[in-house]
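The structure appears below as structure tokens.
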Number of protein chains: 2
Amino acid sequence: MSSAPPLNHQAPPSALRLAPPLAEPLADTRRRSPAEEARTLVASSTLGTLSTLSEDGHPWGSVVSYATIGEGVPVLMLSTLAEHGRNLALDQRVSLVVSESANGRDPLDSGRVTLAGRAERARDAEEEAAARAAYVEAVPAASVFGSFGDFSLWLLRVERVRWVGGFGRMDSCDAAAYAAVEPDPVAPATEYAVTHLNEDHADVLLLMAQRLAGYTDATTARCDRADRYGLDLRIGTPRGPAAARVAFTEPIVAPDGLRAASVELAQRARQT
Amino acid sequence: MSSAPPLNHQAPPSALRLAPPLAEPLADTRRRSPAEEARTLVASSTLGTLSTLSEDGHPWGSVVSYATIGEGVPVLMLSTLAEHGRNLALDQRVSLVVSESANGRDPLDSGRVTLAGRAERARDAEEEAAARAAYVEAVPAASVFGSFGDFSLWLLRVERVRWVGGFGRMDSCDAAAYAAVEPDPVAPATEYAVTHLNEDHADVLLLMAQRLAGYTDATTARCDRADRYGLDLRIGTPRGPAAARVAFTEPIVAPDGLRAASVELAQRARQT
């Protein structure tokens with residue numbers, strides 16, 4: 001087996017081909033960066049899978065609850081009664097996987113992120129207090145077990161990030177990029193918004209595909225995902241399936257801004 | 001930091017104390033073995049988190065779909081485009097974490113299992129064909145990507161198993177024990193059964209607590225879990241909370257046997 005990986009799927013081109021647009025897209029195609037995807041996913045959950053190293057160097061996975069402080073720093077509270085706690089005492093190299101709830105979608109086509117780095121103790125009493133408060137807020141049971149002598153706080157200092165959004169949507173980023181961005185403020189509202197767009201505004205999504213995304217022959221359009229920058233559309237054409245991005249005019253800054261931005265996008269599609 | 005772990009939570013006794021029964025329990029307390037818990041959990045899902053070793057020895061977690069063949073052997077299909085696929089080509093030590101769907105319960109009080117072992121190629125063409133067929137059944141998209149040249153099949157030869165059922169419910173088993181048992185046949189039916197028992201038969205659960213579990217002063221009883229061997233009850237008493245196991249007379253062998261076994265247990269409680 002060669003250690004030089006191929007750069008692309010070794011697949012027949014027909015397996016992955018999507019129809020191109022017929023006209024120049026009018027809408028911008030801006031989307032979240034991999035760092036923003038990672039920060040958003042990490043902020044959306046308090047449950048992950050931690051990989052540590054057993055004493056013999058074997059990789060060891062375990063389920064953990066976590067909180068987040070500062071620039072996306074995960075906080076863990078682990079017992080030395082558990083293998084992961086004993087592992088960390090010996091070797092602080094870890095990774096943490098956080099997965100999006102698939103909610104009926106193909107889980108392989110749903111988001112997940114791996115944060116690789118080192119577990120460290122808090123730098124000072126102030127950081128320790130902030131980490132403990134965040135953990136107890138995220139994991140209420142910790143108000144009991146957090147005082148047990150076998151539990152201690154660890155902060156995951158992120159060194160490397162791998163985000164996978166689903167089939168064909170994946171990228172990596174470094175610690176600086178991960179720390180520099182913020183979680184998408186509209187993320188908690190997108191599941192409802194996507195359902196509402198698909199159930200009640202399919203006609204508008206089709207107009208967006210035809211007039212803003214350049215798919216003048218589109219016959220169907222569904223919204224796959226929404227975020228602060230725009231919508232991902234899945235489009236049907238007589239030439240086969242297609243996918244397109246239609247961005248809002250301005251990124252949304254408020255948690256409740258998705259409706260107004262979608263209405264503005266619909267108006268642009270109608271008036272084009 | 002000492003590498004000798006404590007044997008118990010370093011906690012005030014009041015934090016973990018449950019009330020003891022007042023009378024000798026009449027029902028057996030048989031329950032699934034850790035190996036059965038692990039096999040049942042692994043059979044219940046096709047999604048897990050794989051821990052592998054990166055080239056520099058850092059533990060690396062990633063989300064994978066899996067199938068199961070034979071005696072609970074997980075089958076993976078991984079691409080060398082992905083870090084886990086490249087890692088496995090260099091070092092075959094892995095662990096796979098499978099988590100129960102928490103369904104609104106505290107995820108730290110829900111089941112998960114870690115299978116540690118080695119990823120290997122199929123032993124022969126027959127095992128390869130069985131593994132591929134099982135994988136495509138579990139992961140329909142593999143009928144497309146399974147033929148891509150960058151994907152290959154791996155079988156996880158389990159060496160060590162750690163099961164965590166929730167707070168205070170955890171144990172380990174070895175490869176032989178894991179291979180020797182079968183998944184609980186009633187597992188897919190238990191969520192509905194537990195809801196039904198709690199919503200419609202709280203009176204019967206209370207009788208079970210009072211007459212079969214020895215909690216003669218029980219004032220409330222809820223069913224936390226059901227399996228082929230019996231029910232886990234959470235009991236309220238004037239002396240504080242308690243937990244008890246009430247086993248069926250015989251283990252259930254058929255997937256639809258939970259109703260009849262529960263009725264029989266209820267009759268025993270009424271007639272005692």
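The basis for the numbers below is simple: all heavy atoms, side chains too, and nothing from hydrogens, waters or symmetry mates. These numbers were taken from a predicted model, which means no experiment stands behind them. Below, chain A is the first sequence line, B the second, and so on; all start at residue 1.
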Exercise. Would a distance-only check, ignoring hydrogens and angles, find a side-chain to backbone donor-acceptor pair under 3.5 Å from Arg39(B) to Val181(B)?
Worked result: yes

Seminar exercise, completed: Most contact-rich option vs chain A, by heavy-atom pairs under 4.5 angstrom, among Glu83(B), Arg112(B), Arg160(B), is Arg160(B)

Exercise. Is the side chain of Ser95(B) donor-acceptor paired with the backbone N or O of Gly61(A) at a distance under 3.5 Å, no angle test?
Worked result: yes

Exercise. What part of Val139(B) gets closer than 4.5 Å to chain A, counting heavy atoms only: side chain, backbone, both or neither?
Worked result: side chain

Problem set entry | Proximity breakdown for Thr46(A) and chain B, heavy-atom pairs closer than 4.5 Å | neither

For this session: Please look at Ala82(A) and chain B and tell me whether the side chain, the backbone, both or neither of the residue comes under 4.5 angstrom of a heavy atom of that chain.
Result: neither

Problem set entry | Contact class of Val113(A) relative to chain B, heavy atoms under 4.5 angstrom | neither

Problem set entry | Residue Val63(A) versus chain B: region with a heavy atom under 4.5 Å | both

Exercise. Of the backbone (N, CA, C, O) and the side chain (C-beta and beyond), which part of Thr49(A) lies under 4.5 Å from a heavy atom of chain B, both, or neither?
Worked result: side chain

Problem set entry | When Ala141(A), Pro140(A), Ala116(A) are compared by non-hydrogen pairs under 4.5 Å with chain B, the top option | Ala116(A)

Exercise. Is the charged tip of Arg121(A) near the ring of Trp154(A): under 6.0 Å from the six-membered ring centre and within 45° of its axis?
Worked result: yes

For this session: Measure Gln92(B) against the heavy atoms of chain A and call it side chain, backbone, both or neither at under 4.5 Å.
Result: neither

Problem set entry | Closest non-hydrogen atom pair between Leu155(B) and Ala131(B), with its separation | CD1-CB, 4.1 Å

Seminar exercise, completed: Okay, Asn87(A) and chain B: the region with an atom under 4.5 Å from a heavy atom over there is neither

For this session: Could you tell me which of Gly57(B), Ser99(B), Ser62(B) has the largest number of non-hydrogen atom pairs under 4.5 Å with chain A?
Result: Gly57(B)

Exercise. Under 6.0 Å from the CD atom of Glu120(A), do we count more than 12 heavy atoms belonging to anything else shown?
Worked result: yes

Problem set entry | Heavy-atom pair with the smallest gap, counting every atom of Tyr66(A) and Ala138(A) | O-CB, 3.9 Å

Exercise. Shortest non-hydrogen contact from Ala119(B) to Val94(B)?
Worked result: N-CG2, 4.1 Å

Exercise. Is Arg157(B) salt-bridged to Glu127(B), going by a charged N under 4.0 Å from an acidic O?
Worked result: yes

